[in-house]
Every structure is written in C-alpha cells, then in structure tokens.
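Working notes, beginning with the structure itself.
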Amino acid sequence: MGAHRPRRPAPLGPGPLTPSRVARVLPDEPAIDRAFDYLVPDSVGPVEVGDVVRISLHGRRVGGWVLDADAAPPPGVTLRPLAKRSGLGPPPEVIDLASWAAWRWAGRRATFLRTASPPTVVPRRPRRADSGPPVAIPADELVTSALDARQAVLRLPPAADVFPVVLAAAARGQALVVAPSVATARHLALRLRRAGIDAAIHPRDWARAAAGTTVVGARAAAWAPAPDLACVVVVDEHDEAHQEERAPTWSARDVAIERARRAGVPCVLTSPAPSLEALGWGRLVAPSRGTERGGWPILDVIDRRHDDPVKAGLWSERLVPRLRGDGTVLCVLNRTGRARLSACVACGELARCARCEAAVVHQPDGTLACRRCDAERPALCLACGATRLKHLRVGVTRAREELEALLGEPVVEVTGATADRELPSARVYVGTEAVLHQVPSAQVVAFLDIDQELVAPRYRAAEQAMGLLVRAARVVGARAGGGRLVVQTRLPRHEVLDAVLKADPGRLAAADDARRRALRFPPHAALAEVSGAAAGALIEALGRPLGIDVLGPDESGRWLLRAADHQVLADALAATPRPAGRLRVAVDPPRV
DNA sequence: CGGACAAGCTGA
DNA sequence: CAGCTTGTCCGG
C-alpha cells in the first residue's frame, strides 16, 4: 500500500516569491475515498500531516485530514486554498495505520480517521507529559516474561486480575491499553491513577494521550495518539466486543497488533481462553497448571444423553437440586420468547408461518411471530385449528414460568430488553446471556442448553461458547470461593466442556485448530461476507481472481469470499472498484 | 456525500 | 416543450 507519495523536488535556488505549499487532504466523507490538493495560504499558517482542516469541495465546506503537507499536485489543475486549519488530528503513523486498515478490512480511510481523531478541537500539540517519579512495581515474573517476549499471549484464568499486566506495561512508559468495554477501561484507568500512574481515557482525554500519557479505552483506543508508545496491551483479546459490528468490521486486537509491530514495541494479548488467531501470532505465556486451575470454577456436567428427547424438558432432575439453597443462581438460555419451536397438541403439526412456512416463535403476548418475514398470527394450528400448542423448544419467558413453579419462589427474567431497567431483586434469575452482564455475581450459573451453543452452525461456535463460559466463570468466581458452573448437555465429552472441566483451554485450542484447518476456516483462511443490494455487482466486478473462492449467493443474496490469507483477500477487494448502491463487505465475519 | 447536468417520462 | 424524476458523474 502506498505509504510513499511523490515528494516535490527541492526548488532550484530562491524563486521570485516563496511558493505556497500544497496540502493533500482526505475529505471527512467516507463515500469520497479520494484525496484532493489545496494551496496552504499564509493566513491559514503551516499544516502538518494528520491535521484536521476545512476545505471547500465542489462548493461545500467539509472537514478533512492532511495526508501530505508538501504534495506535488498533478499538472493542469487549479488549486483552491485551504479554508482553515481546525486543529490537531491523528499523528502520521496513525494516518498510515488507517490506510493499512482500509486495505485489511475493505473499508474507507475516513471511517478509521474519525475514530482516531479528537472529539473536540485540540489546537496545538500539547507539551510532553512529565512522566513523574518512577513508580515501584512489584515484579511479576509471568508479566515480565510476557512483556519481554514482545509478542505474547498471556493466558490468565477467569478469576485472575489483569491489572498487574496493565500496571507493568504503564511502568515501562506510554502504554496503549485496549479493553473490551468502556466500563473495564474506566476501571483500569482509575486503578492506574490510584497506583500513581497518570492515565488518559480515549477518546475523552485525546490531548493527554497526544502528550504521551498512558491511554486506556475500549476498541477505539487502538487508534489513540501515542507519541511515546512503549507497549500495547489488549485485555481479553478473545472478546467479540473488540470487533466493530458495522462495516468495516475491524478488530481492535488486530489493529493493536499491527500498531505495535510498526512501532517496534512489545504487544501482550491477555485472555483466559486465547483465540486461534492470537495463538498463531504470539508466544503463549501461562501460569503453572495449579495456578491456572485455581482460577477457574468447578464445572458440573449433567449428561442428558439418556433422557427421553421428547419428554425431557429444560429441567433435569439432577439440575433442580443444584438450584435450591441460598446462593444467587443464574440460568442461561439463549432463546427469547415463550418457545422457538411449537407443535399442535392435537395433530402434531409444527407451528409455521402462514406466509413463508418458517417456524414461528411463540411470543410473551401469546401470538406467533415469524422471524423471517415478520408476519404475526394468533396461536392456533393451521392444519386443524386447535388452540393448544406444545412447546418443543422453550424460550426464556416460558422457562421463567416453569422454574418459578418448580422452586416455589420468585424467578426474574433477564434479557437484552431489560438492560436499561433496574432488575427486581431475587435469588434466582433466568435469562439469555444478558443475565451474565446484568447480575454482577452469583454462586451458580447454569446453562440450560449449552448444546445450542456448542453445535451452532458457525465455525466459531466452540470459541463463542467458551466465551460464554468465561463470562459465567467470572460471575461465580474461582473454585476456592465455591464458584460453580452447571451445564446440561448431550455432548459431555465436547472439547469446550473438557477444557473448562480440566481448566485447560489448550485442549479446546488444539481440537478447534485441527477442525478449522480441515474445513479451511480462519485462521487457516481469510473470509469476507458480501451482502446488500449491490453485492451481486461487486461479485461480478471481482470476477474470478486466482486464489479466491466465491461461495454463494445464499437465499438472502449473500456471498462468501474465501482466500488462503488476508493478503490475497484484501488485494483482490482493493483491486475491485466499489459498485454504487447498498453494499456491506464484512471481512472476518464473526457469525458464519 | 451532494450538486450539476443529462436523459427519460408525462401531460396537454 | 416545460416540469419533473432518475441516474451518472465528479470534486483539487
């Protein structure tokens, strides 16, 4: 990618007048992924690469970023003057990083530069931060060896605190810490300050990061300015929150890795269950088996292979006693509504959509809704008119009703929809995985149907199920404190459960890696999902380049591109002009 | 993106 | 052919 631009040759001798410099500016309009040249009038003053400026483009004023402060314009175009310099923007190395990310995730540079820019005007480069007196850090051998390895994956069990890693990183100079959520980032920054280390939160404290202060933030922090960058830490690198959902679907972990590589500084990724991408990138550093084991909760596997598949409900007789007692209990079932699959009690006919024949969801209000075409209808059998339906695959709403009856005490339902309300206090909660976010701690977390996660038709299903178990492990805490996870399964030997049972995530990684290699899934291939009205046009423009498999379209008009690696995939996408119309290109789609 | 302009459709 | 919509092009 073109990090090198033609430089204007030095003028031969003094001219009659000092000619105005020419700045090359990328407009802050993601749809216009093209730079334009402007004269820099004396009234505007000097501009530097990365500065945020205003330009008039085609008769309107728009913002933009200086990509080159001394450009050689193509001959024969009359240049307009820059309207003004607004202030400081991303430093040159971040501008280059944005170009790389635009290539890597088939996006536009402006999208990344927005993320990398200060939220309010920063007129001048702030004075270098005074690093203050050195802070004495208790030496942690594991953390030190991870930082010294320069490219390390530090596998710490769920109950372990990552703060010592962040602290040791910040003690080495300006650290860039990328956390999976804003809340985690804030908390880490607060603890750094308590430990006597100044910490900026991205993007709010952009100017302080630009002055060399250690910076902490959620995924956008991968784009924070860092003039004195000494090391990069990505907390919980396995967490899907590091990836942007909207296209370009960039991953803060991968941006952080590339950034550290370019800066030549150490990069440490932490995770209780590192992704295969991480393991393929860096050296694994882990505590002793005993220490690691101690940081995981106990796992109770309830084997349901011999339960009658028709009669067995959600609540096996081995599960219910574990839900009694006086500790807080969370039951996780990733299905909303009353039932995801129902059949007529009278004639056995499956409840399906009258319009498109997809299975319908029994909603809390009693109606049946189609998730494919959004049609709604009353709950009755289309074949025989009977009004009684049997719930074959119970959802959270129904599960709550059933558990309340079983336990004879109040049970509270928790879903994504309850996130903004205060939960009624109770001992027992039933919910989707949202329950793991909304209830801070518990004695027991029970996964009512973990098989749904284990065998989900997605190549990352095992890793995602592991992510859920890690989250649950943090809610219940370490085994020494009585933390306990319970799973009901017909796959008691599944490698995810095996890994948690033995507190050894390496067991999962080995099995998952072999499977993905055999099926040519990432990290042994690079994928991109192409969708939207203009998807077909892009596929046509792409043609059949060597090394790219074009799969699809599926029933909703989506294609999947597969290449041996990201170099091949990104080069092919970069060489294809983007057609007009709605188009989404999701590189590294998390749910395929 | 959004303005400019050209080509296409409609109504009397 | 004015008056309008729709599409394509292009910006320094």
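Quick caveat: nothing in here was measured; it's all calculated off a predicted structure. Reminder, nothing fancy here: chain letters follow the sequence lines and each chain counts from 1.
- Using modelled atom types, one finds a donor on one side chain and an acceptor on the other under 3.5 Å when comparing Arg253(A) with Ser275(A).
- At the heavy-atom level, Pro74(A) lies under 4.0 Å from base atoms of the strands shown.
- Heavy-atom contacts of chain A under 4.0 Å fall on DNA chain C between two terminal nucleotides, which in 5' to 3' order are dC10(C) to dG12(C).
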What protein N or O atoms touch nucleotides 2-6 of chain B N or O atoms at under 3.5 angstrom, if any, and at what distances?
none

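- Residues Gln174(A) and Thr213(A) bring no donor and acceptor atom of their side chains to less than 3.5 Å of each other.
- Note: Trp105(A) and Trp100(A) meet the aromatic proximity criterion, with ring centroids under 6.0 Å apart.
- Side chains of Pro590(A) and Arg458(A) form no contact here, defined as non-hydrogen atoms less than 4.5 Å apart.
- Of the N and O atoms on the side chains of Gln464(A) and Glu453(A), not one donor lies less than 3.5 Å from an acceptor on the other residue.
- Ion pair Glu463(A)/Arg516(A) flagged as a salt bridge, since at least one NZ, NE, NH1 or NH2 atom sits closer than 4.0 Å to an Asp/Glu carboxylate oxygen.
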Expected list for residues 76-88 of chain A: side-chain donor-acceptor pairs under 3.5 angstrom, two or more places apart:
from     : atom 1 : to        : atom 2 : distance (Å)
Arg85(A) : NE     : Asp51(A)  : OD2    : 2.9
Arg85(A) : NH1    : Pro123(A) : O      : 2.9
Arg85(A) : NH2    : Pro123(A) : O      : 3.1

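- Side-chain polar atoms of Trp559(A) and Asp554(A) form no donor-acceptor pair below 3.5 angstrom.
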